[in-house]
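All heavy atoms count here, side chains included; hydrogens, waters and symmetry mates do not.
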Amino acid sequence: MCLLSEEAVIKKKGMHLLNMTKKHGIRQKFVEVLREKYSKDLTFSIGGQISVDVFPKGWDKTYCLKYLEEDGFDEIHFFGDKTSVGGNDHEIFEDPRTIGHTVTSPEDTVKQCKELLGL
C-alpha cells in the first residue's frame, strides 16, 4: 500500500510530503499500528520509498529460499537496501540460510558483487 501516490512524489509537493514522512517516521508509526491490530495473520514492513508492504505471514522474501535449498546451492547471497528491523529486506537478510549484504544503490550492488567475485 502507498501512503503517497507515485505521481504525487514526482511533483514538488509530493517530494515535500515524502521528506516530511521520512523526517517524522510516519510510515514506521503506521506500520507499528497495523502490526498491533493485524499481526496475527499479516506481516507489515517498509518497502521502497513510499510504500508499506503487506502480505500473509510466511510470505516475506524468505519464501523463495525453500526452492533454492532444493536446488542445493552452497551459498545464497542476498543484497537489499531495507535490511534493518521493519524493512522489507530484513527477514531474508537475517535468515541463517543467506549471507546478507546491505546496499545503498544499484551501483553499490554492482560494486559489492564485483568485490565478492574478485573482479
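In this structure, CD in Gln112 is found 7.5 Å from OG1 in Thr104, a value given to the nearest 0.5 Å. Taking OG1 from Thr102 and CG from Asp108, the interatomic distance works out to 9.5 Å, rounded to the nearest 0.5 Å. With rounding to the nearest 0.5 angstrom, the SG atom of Cys113 is 9.0 Å from the NE2 atom of His77.
No more than 12 heavy atoms of other residues, nucleotides or ligands lie within 6.0 Å of NZ in Lys114, so this atom counts as exposed by the packing criterion.
A donor-acceptor pair under 3.5 Å is formed between the side chain of Thr98 and the backbone N or O of Asp95.
Contacts of Phe55 classified as side chain to side chain contact (heavy atoms under 4.5 Å, CB included), with partners at least two apart in sequence or in another chain: Thr43, Ser45, Asp53, Trp59, Asp60.
No side-chain heavy atom of Phe78 sits less than 4.5 Å from a side-chain heavy atom of Leu65. Within the 4.5 Å cutoff, no side-chain heavy atoms of Phe30 are placed close to those of Phe44. For the pair Thr62 and Arg97, the minimum side-chain heavy-atom distance is below 4.5 Å.
Here the shortest heavy-atom pairing between Asn88 and Lys82 reads OD1-CB, 3.3 Å. Between Glu75 and Ile99 the shortest heavy-atom distance is CD-CD1, 3.9 Å. Taking every heavy atom of both residues into account, Leu68 and Phe73 meet most closely at O-CD1, 3.3 Å.
A salt bridge is defined here as a Lys NZ or Arg NE, NH1 or NH2 lying under 4.0 Å from an Asp or Glu carboxylate O, and Lys111 with Glu115 meets this definition.
In the hydrophobic clustering of this structure, Ile76 groups with Ile92; members are Ile, Leu, Val, Met, Phe, Trp, Tyr whose side-chain heavy atoms approach within less than 4.5 Å, directly or through other members.
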